[in-house]
Amino acid sequence: MTTYTICVFTENTIGILNKITTILTRRRINIDSLTVSETERKGISRFTIVIRHDSREAVEKLVRQIRKVIEVLAVFGYLNNDIAYNEIALFKVSTPYGAKPLDIETINKVYKAWVVYWHLSYVIIQKTGTEEEIFEFFDYIKPHEILEFVRSGRVAVSKSPQTLVDYLPEAEWEYYQ
């Protein structure tokens with residue numbers, strides 16, 4: 001299976017998420033991750049959808065179908081080498097009195113992870129990176145008893161020199177403030 005990242009730029013309207021996910025559901029395509037946020041332009045949202053599929057043609061057809069939604073301004077499908085991408089994960093790790101202490105220097109320097117909250121009986125560590133990097137850190141920290149783990153969806157930016165405004169309809173777009 002190949003991993004595809006689909007970036008969808010839409011008007012920020014009620015119900016658009018449902019319209020987009022329905023297109024994937026009808027094709028029986030599972031969403032690995034979904035991240036939605038406003039863009040640098042006011043009133044425009046960016047959906048970053050990660051899927052795995054065997055057929056490039058099927059993914060291209062999916063992208064063409066999403067383009068037909070009225071509120072959609074632009075849609076792009078990418079392979080991993082076409083984008084810069086990351087995820088964020090938070091780990092709540094047990095630190096009971098008398099247990100083996102965490103090696104903060106290794107956590108910071110080797111894994112590029114940071115303690116964002118320190119309590120007497122646990123710490124919360126933030127790790128950003130690819131899915132593989134996050135799970136490599138997961139394996140490292142697992143012996144310290146992970147109390148909670150949460151991972152965001154992928155955020156991605158195309159490596160192409162084009163920007164969002166190159167694909168927007170002619171109009172005055174305000175910057176988000």
Side-chain angles (χ1 to χ4, degrees), residues 1-91 111-114 116 126-139 148-177:
M1 291 252 204
T2 304
T3 299
Y4 295 92
T5 301
I6 301 170
C7 294
V8 183
F9 296 92
T10 70
E11 296 172 10
N12 190 1
T13 58
I14 295 171
I16 189 67
L17 174 61
N18 187 46
K19 288 179 183 180
I20 292 171
T21 56
T22 298
I23 292 171
L24 282 98
T25 304
R26 284 186 192 146
R27 285 162 182 72
R28 304 188 57 77
I29 297 174
N30 188 45
I31 297 172
D32 284 352
S33 80
L34 170 66
T35 305
V36 183
S37 67
E38 288 194 313
T39 66
E40 70 278 8
R41 300 297 177 155
K42 190 174 184 177
I44 299 178
S45 293
R46 175 192 196 108
F47 291 71
T48 305
I49 305 166
V50 179
I51 62 170
R52 296 182 208 280
H53 207 282
D54 291 325
S55 168
R56 182 182 178 102
E57 295 77 27
V59 174
E60 289 172 355
K61 186 176 180 181
L62 171 70
V63 167
R64 287 192 301 272
Q65 192 67 38
I66 293 171
R67 281 190 183 125
K68 293 179 182 178
V69 175
I70 292 172
E71 297 88 351
V72 171
L73 303 170
V75 184
F76 305 97
Y78 300 107
L79 295 171
N80 286 348
N81 59 356
D82 298 328
I83 54 176
Y85 61 94
N86 262 332
E87 297 180 3
I88 185 172
L90 295 174
F91 297 80
Y111 291 99
K112 308 285 191 268
W114 314 103
V116 295
Q126 173 183 299
K127 168 73 179 133
T128 59
T130 64
E131 180 180 6
E132 294 79 18
E133 292 167 341
I134 288 170
F135 281 106
E136 181 182 326
F137 181 69
F138 186 100
D139 289 339
E148 289 185 53
F149 167 72
V150 62
R151 195 179 94 212
S152 73
R154 178 181 283 188
V155 291
V157 176
S158 166
K159 292 180 182 175
S160 165
Q162 276 85 20
T163 64
L164 173 59
V165 283
D166 295 330
Y167 301 101
L168 293 178
E170 291 295 320
E172 284 294 317
W173 295 96
E174 292 182 47
Y175 280 99
Y176 177 72
Q177 295 185 37

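Numbers for residues simply follow the sequence, beginning at 1.
No donor-acceptor pair under 3.5 Å is formed between the side chain of K112 and the backbone N or O of T128.
Atoms CG and CD1, from L90 and I134 in turn, are 9.5 Å apart once rounded to the nearest 0.5 Å. With rounding to the nearest 0.5 Å, the separation of CZ in R46 from CD in E40 is 8.0 Å. Considering OG of S33 and CD of E87, their distance stands at 6.0 Å, rounded to 0.5 Å. Going from atom CD1 of I6 over to atom CZ of F47 covers 12.5 Å, rounded to the nearest 0.5 Å. Taking OG1 of T48 as the start and CG of L34 as the end, the distance is 8.5 Å to the nearest 0.5 Å.
T39 approaches S45 most closely through the heavy-atom pair CG2-C, 3.9 Å. Between T13 and I16 the shortest heavy-atom distance is O-CG2, 3.2 Å. For the pair S158 and I83, the tightest heavy-atom approach, listed with the atom from each and the gap, is CA-CG2, 4.0 Å.
Using a 30° and 60° split on the angle between ring planes, F138 and F91 fall in the tilted class, from 30° to 60°.
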Give every donor-acceptor pair under 3.5 Å between a side-chain atom in residues 62-75 and any protein atom, sequence neighbours left out.
{"unit_1": "Q65", "atom_1": "OE1", "unit_2": "R27", "atom_2": "NH2", "d": "3.4"}
{"unit_1": "R67", "atom_1": "NH2", "unit_2": "V75", "atom_2": "O", "d": "2.8"}
{"unit_1": "E71", "atom_1": "OE1", "unit_2": "K19", "atom_2": "NZ", "d": "3.2"}
{"unit_1": "E71", "atom_1": "OE2", "unit_2": "K19", "atom_2": "NZ", "d": "2.8"}

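Residues passing the salt bridge (Lys or Arg N to Asp or Glu O under 4.0 Å) test with E132: none are found, sequence neighbours excluded. In this view, S55 and E57 satisfy the side chain to side chain donor-acceptor pair (under 3.5 Å) rule, not counting sequence neighbours. For the side chain to side chain donor-acceptor pair (under 3.5 Å) test, no residue two or more places apart in sequence or in another chain qualifies with N86. Residues satisfying the ring pair (Phe, Tyr, Trp, His ring centres under 6.0 Å) test with Y111, not counting sequence neighbours, are F137, Y140. Qualifying side chain to side chain contact (heavy atoms under 4.5 Å, CB included) partners for R56, counting only residues two or more places apart in sequence or in other chains: Y4, E60, L79. With sequence neighbours excluded, the residues forming a side chain to side chain donor-acceptor pair (under 3.5 Å) with R154 are T5, N80, listed by chain and number. Every residue two or more places apart in sequence or in another chain that forms a salt bridge (Lys or Arg N to Asp or Glu O under 4.0 Å) with D139 is listed here: K142. The side chain to side chain donor-acceptor pair (under 3.5 Å) check on D32 picks up R52, with sequence neighbours excluded. In this structure, the side chain to side chain contact (heavy atoms under 4.5 Å, CB included) partners of N18, at least two apart in sequence or on a different chain, are T21, T22. Among residues two or more places apart in sequence or in another chain, the ring pair (Phe, Tyr, Trp, His ring centres under 6.0 Å) test is passed with Y85 by none.
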The test is side-chain contact (heavy atoms from CB on, under 4.5 Å); show your working for I29 and L24 and say whether it passes. CA-CA 5 Å; I29 297 174; L24 282 98; 4.0 Å; yes

So T10 and I20, side-chain contact (heavy atoms from CB on, under 4.5 Å) or not? Walk me through it. CA-CA 10 Å; T10 70; I20 292 171; 4.0 Å; yes

